[in-house]
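Right, one structure below, let's go through it.
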Protein chains: 2
Amino acid sequence: MPSKQTPQRQPLSRTAIVSAAIDLADLDGVQGLSMRNLARRLGFEVMALYNHIANKNELLSMMVDTVAEQIDEPSGVEPLQAIRANAMSTRAVLIKHPWAAELWLKHLPGPARVAQMEFLLRAFDESGLSKDLAHHGFHAITNHVHGYTLQEQSMTLGSDPEEAEDAMHAFIASLSPNDHSHTIAHVHQHLDGSTSSSFELVLDLILDGLVRLDGQ
Amino acid sequence: MPSKQTPQRQPLSRTAIVSAAIDLADLDGVQGLSMRNLARRLGFEVMALYNHIANKNELLSMMVDTVAEQIDEPSGVEPLQAIRANAMSTRAVLIKHPWAAELWLKHLPGPARVAQMEFLLRAFDESGLSKDLAHHGFHAITNHVHGYTLQEQSMTLGSDPEEAEDAMHAFIASLSPNDHSHTIAHVHQHLDGSTSSSFELVLDLILDGLVRLDGQ
DNA sequence: ACCTGAACACCGTTCAAGT
DNA sequence: ACCTGAACACCGTTCAAGT
């Protein structure tokens with residue numbers, strides 16, 4: 001009888017490889033993803049992968065772009081509402097795949113990301129903002145979405161929320177109360193959960209600021 | 001006569017190691033920095049390093065914190081001006097050491113970064129903004145500084161400005177003009193240099209937005 | 001106390017060989 | 001056309017040995 005060592009052995013293909021890589025990164029983080037690792041999970045030897053993809057870099061690019069396909073492009077709403085909803089959806093996708101925000105930065109956009117860029121830039125174009133403000137607004141919004149999510153994730157890097165809370169307690173315990181009272185108070189605000197969602201507040205602050213600047 | 005193979009052989013120390021590592025990262029990027037690499041440059045064998053630092057992770061943390069020591073903490077100005085100047089100085093340091101922004105995210109703050117946090121949080125505290133807005137403002141500003149710089153650097157990853165420009169031309173050449181007219185126009189705005197410095201504009205937009213929200 | 005050298009357990013990838 | 005196996009040139013780090 002054939003051995004049942006390999007959990008699955010679908011025929012190899014670009015999409016099968018990318019999809020398995022995404023699963024693996026969701027489980028172990030992107031640093032737990034090696035070519036040998038991935039091949040084993042698929043039931044093949046390492047070098048079999050190279051018949052379908054050029055190298056690991058290409059694989060990582062495809063992973064981000066595949067994940068970007070999930071981003072909503074809401075239609076039938078005001079441009080500023082479309083921008084806001086698209087930003088929220090991008091953020092949701094980046095949270096769902098915590099490895100994606102970092103790779104998004106390091107890799108050139110593929111088709112799905114280009115489509116998302118085009119959607120967002122069109123919404124800005126139709127928003128009535130001046131050309132210059134639309135340009136800056138695009139960067140302000142994308143920077144906020146990606147920067148905020150990245151910063152947030154870096155604090156809980158590869159750990160459950162419970163571990164993250166312990167890390168915060170350990171961090172403030174290491175500070176001298178005299179010299180660092182504001183920092184300690186700030187971290188306590190996080191632990192108390194007293195601060196509402198900063199992300200949406202700043203998102204709206206930027207959107208409102210753009211509209212106001214344009215009115216001047 | 002003793003061979004002069006090793007360019008320098010100062011006695012090894014934590015500071016000497018960190019300083020050499022920073023030089024090496026400035027030259028080749030952080031991915032061109034290996035322990036073997038670094039040891040060779042210092043004129044020692046790899047394992048000599050481990051008498052002074054625990055592991056590579058600790059080294060990277062020390063590198064970021066050393067660089068953070070260069071950030072200005074202006075005194076004798078209005079809190080909002082201090083915040084603005086500190087943000088500009090942080091950005092300047094991150095541009096001077098292009099590898100630092102990424103490591104800043106991935107490593108816990110050391111003494112210098114804690115001092116910078118404390119400075120910024122104190123300025124927000126003294127700014128007259130409400131406690132809640134001060135908290136959100138701190139995140140909005142730091143996210144903008146780091147997110148914007150990171151995004152900017154990712155486009156020119158390890159290449160001179162000239163290569164970066166070629167890459168942008170290649171990128172728009174790969175797009176179908178019909179489906180991606182807004183994206184193409186956006187990239188052209190970058191190439192024309194017609195867009196003024198987005199960084200300061202959005203920085204002020206956020207600061208002004210915070211003040212206005214507080215006034216309501 | 002500090003440095004060295006061999007070794008271990010990993011990487012991504014090339015290349016020749018199989019079917 | 002696709003898969004395999006051995007090999008290469010790297011990693012970070014452990015551990016025993018030297019001074």
Side-chain angles (χ1 to χ4, degrees), chain A residues 2-25 27-64 99 102-103 106-108 157-158, chain B residues 2-25 27-64 99 102-103 106-108 157-158:
Chain A
S3 91
K4 249 309 197 133
Q5 306 264 33
T6 58
Q8 41 169 322
R9 172 122 185 183
Q10 252 84 320
L12 227 39
S13 70
R14 281 171 81 83
T15 59
I17 291 172
V18 172
S19 151
I22 289 174
D23 290 351
L24 225 155
L27 282 172
D28 303 339
V30 74
Q31 65 193 357
L33 172 68
S34 72
M35 297 300 276
R36 293 173 144 91
N37 227 344
L38 176 58
R40 194 175 337 118
R41 163 178 262 257
L42 287 160
F44 290 81
E45 297 303 313
V46 204
M47 292 315 298
L49 301 174
Y50 288 83
N51 286 307
H52 302 90
I53 58 170
N55 49 42
K56 190 179 185 180
N57 218 48
E58 189 190 70
L59 173 62
L60 295 173
S61 286
M62 292 177 71
M63 288 170 67
V64 202
W99 45 268
E102 190 191 334
L103 293 189
K106 298 202 218 183
H107 293 266
L108 283 177
L157 230 159
Chain B
S3 91
K4 252 299 197 142
Q5 305 263 34
T6 58
Q8 40 170 320
R9 172 123 185 183
Q10 253 84 320
L12 229 37
S13 69
R14 282 171 79 84
T15 59
I17 291 171
V18 172
S19 152
I22 289 173
D23 290 350
L24 225 154
L27 282 172
D28 303 338
V30 76
Q31 65 192 359
L33 172 67
S34 73
M35 298 299 276
R36 291 171 146 93
N37 227 342
L38 175 58
R40 194 174 336 117
R41 163 178 263 258
L42 286 160
F44 290 81
E45 298 302 314
V46 204
M47 293 315 297
L49 301 174
Y50 288 82
N51 286 307
H52 301 90
I53 59 169
N55 48 44
K56 191 179 186 180
N57 218 48
E58 189 190 69
L59 172 62
L60 295 173
S61 285
M62 292 176 72
M63 288 169 68
V64 202
W99 45 269
E102 189 191 334
L103 292 189
K106 298 203 217 179
H107 293 266
L108 282 177
L157 231 159

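Proteins get letters first, then strands, A, B, ... in listed order; numbering begins at 1 in each.
The two residues B/Pro11 and B/Ala16 come nearest to each other via the heavy atoms O-CB, 4.3 Å.
Protein atom CG of A/Asn51 is 5 Å distant from nucleotide atom C1' of D/dC2, rounded to whole Å.
Taken from CZ in A/Arg41 to CG in A/Asn37, the straight-line distance is 9.0 Å, to the nearest 0.5 Å. A distance of 6.5 Å separates CE of B/Met35 from CG of B/Leu38, quoted to the nearest 0.5 Å.
Between A/His52 and the phosphate of D/dA1, there is no side-chain N or O to OP1/OP2 separation shorter than 4.0 Å.
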Start with the C-alpha distance between B/Ile17 and B/Arg14, add both sets of side-chain angles, then the distance that settles side-chain contact (heavy atoms from CB on, under 4.5 Å), and finish with yes or no.
CA-CA 5 Å; B/Ile17 291 171; B/Arg14 282 171 79 84; 5.9 Å; no

Pair A/Leu12-A/Asn51, side-chain contact (heavy atoms from CB on, under 4.5 Å): steps then yes or no:
CA-CA 9 Å; A/Leu12 227 39; A/Asn51 286 307; over 6 Å; no

Let's go through A/Asn57 and A/His107 carefully: what are the C-alpha distance in whole Å and the side-chain angles of both, what is the deciding distance for side-chain contact (heavy atoms from CB on, under 4.5 Å) to 0.1 Å, and is it a yes or a no?
CA-CA 8 Å; A/Asn57 218 48; A/His107 293 266; 3.4 Å; yes

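For B/Arg36, there are no salt bridge (charged side-chain N to carboxylate O under 4.0 Å, His left out) partners at least two apart in sequence or on another chain.
Listed by first residue number, the stems of DNA chain C with at least three Watson-Crick or G-U pairs below 3.5 Å are C:4-8 with D:12-16, C:12-16 with D:4-8.
No side-chain heavy atom of B/Val18 sits under 4.5 Å from any side-chain heavy atom of B/Ile53.
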Give the B/S/- string for nucleotides 8-19 of chain D, one per nucleotide from 5' to 3', where a protein heavy atom under 4.0 Å of the base yields B, of only the sugar-phosphate yields S, and otherwise -.
---BBBBB----

